[in-house]
Amino acid sequence: QQPVQSPQAVILREGEDAVINCSSSKALYSVHWYRQKHGEAPVFLMILLKGGEQKGHEKISASFNEKKQQSSLYLTASQLSYSGTYFCGTEAMDSSYKLIFGSGTRLLVRP
Amino acid sequence: DAGITQSPRYKITETGRQVTLMCHQTWSHSYMFWYRQDLGHGLRLIYYSAAADITDKGEVPDGYVVSRSKTENFPLTLESATRSQTSVYFCASRWTSGAADTQYFGPGTRLTVL
């Protein structure tokens with residue numbers, strides 16, 4: 001079951017904040033976040049494990065609400081380099097390391 | 001070079017032909033995956049492998065065959081290519097270690113079926 005990402009697209013001015021959400025109908029073991037720039041491979045940002053946690057990576061952080069099977073990616077003080085498509089990949093409790101990806105959120109940061 | 005590589009990077013073929021896409025990783029990761037990404041869409045899992053000689057279907061396996069005789073290689077074969085298989089194919093390998101778990105993607109193969 002593919003996770004649902006929202007919003008589908010976001011346009012920001014440099015320095016603004018954004019939140020990207022990812023929800024699943026299945027019980028999750030982990031959520032992975034990736035960023036993909038046009039014509040390139042997805043690049044790993046971070047993983048959140050079952051147990052409900054929040055992680056940070058520079059000005060990009062994420063949380064995982066285990067009860068709701070939802071994860072959110074927080075982009076603060078956005079930079080031009082943050083532009084790209086963000087994907088969440090979810091690993092269900094019974095999925096044996098298989099990641100199923102959402103359809104992506106396109107983020108454009110303008111000067 | 002260390003990492004995960006794919007070949008060819010670009011391929012044009014005709015309907016009905018057999019095509020094999022290669023994937024090689026130098027990390028000795030147990031888990032490897034094949035995804036396809038269609039224009040403007042997300043990544044869909046085709047097949048995955050937990051170790052040499054262990055493979056299993058993903059979300060969209062029809063029309064594809066995989067093998068994994070060596071840990072480092074995970075080729076994907078389109079037995080009889082169709083236009084609907086025109087896509088960008090990404091191979092990935094995964095370091096499974098709890099909080100340090102990371103899945104790395106190869107650079108992709110852009111396949112066009114005429």
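Throughout, a chain's letter reflects where its sequence line sits, starting with A, and its residues are numbered from 1.
- The OH atom of A:Tyr97 sits 15.5 Å away from the CG atom of B:Asp56 when rounded to the nearest 0.5 Å.
- Scanning residues 104-111 of chain A against chain B with a 4.5 Å non-hydrogen threshold yields no residues.
- Linking Ile, Leu, Val, Met, Phe, Trp and Tyr whenever their side-chain heavy atoms come within less than 4.5 Å leaves B:Met32 and A:Ile47 in two separate clusters.
- For the pair A:His32 and B:Thr102, the minimum side-chain heavy-atom distance is 4.5 Å or more.
- How far CG of B:Leu45 is from CG of A:Leu99: 8.5 Å, rounded to the nearest 0.5 Å.
- Only the side chain of A:Gln36 comes within contact range of chain B, judged by heavy atoms closer than 4.5 Å.
- Here B:Leu43 contributes atom CG and A:Phe87 contributes atom CZ; the two are 5.5 Å apart, rounded to the nearest 0.5 Å.
- Environment of CD in B:Glu14: sparse, with no more than 12 heavy atoms of neighbouring residues, nucleotides or ligands closer than 6.0 Å.
- Separation of atoms CD (B:Gln103) and OG (A:Ser30) is listed at 9.5 Å; rounding is to 0.5 Å.
- Residues B:Tyr35 and A:Phe101 bring their aromatic ring centres within 6.0 Å.
- Heavy-atom neighbours of chain A within the stretch residues 104-114 of chain B, taken at a separation under 4.5 angstrom, comprise B:Phe105, B:Gly106, B:Pro107.
- Taking CD of A:Glu91 as the start and OG1 of B:Thr96 as the end, the distance is 9.5 Å to the nearest 0.5 Å.
- At most 12 heavy atoms of other shown residues, nucleotides or ligands fall within 6.0 angstrom of atom NZ in B:Lys57.
- The cluster map of Ile, Leu, Val, Met, Phe, Trp and Tyr, joined by side-chain heavy atoms under 4.5 Å apart, puts B:Tyr31 and B:Trp34 in different clusters.
- Counted by atom type alone, B:Glu59 and A:Gln2 present zero donor-acceptor pairs between their side chains at under 3.5 Å.
- Remark: B:Arg9 pairs with no residue by the salt bridge (charged side-chain N to carboxylate O under 4.0 Å, His left out) rule, at least two apart or across chains.
- Across every non-hydrogen atom of A:Lys98 and B:Tyr48, the tightest pair is CD-CE2, 3.0 Å.
- Linking Ile, Leu, Val, Met, Phe, Trp and Tyr residues whenever their side-chain heavy atoms come within less than 4.5 Å leaves B:Phe33 and B:Met22 in two separate clusters.
- Heavy-atom neighbours of chain A within the stretch residues 74-94 of chain B, taken at a separation under 4.5 angstrom, comprise B:Phe90, B:Arg94.
- Linking ILVMFWY side-chain heavy atoms closer than 4.5 Å, directly or via other members, places A:Met93 and A:Leu49 in a single hydrophobic cluster.
- A:Leu48 and A:Val43 are members of different hydrophobic clusters when ILVMFWY side chains are connected at heavy-atom separations under 4.5 Å.
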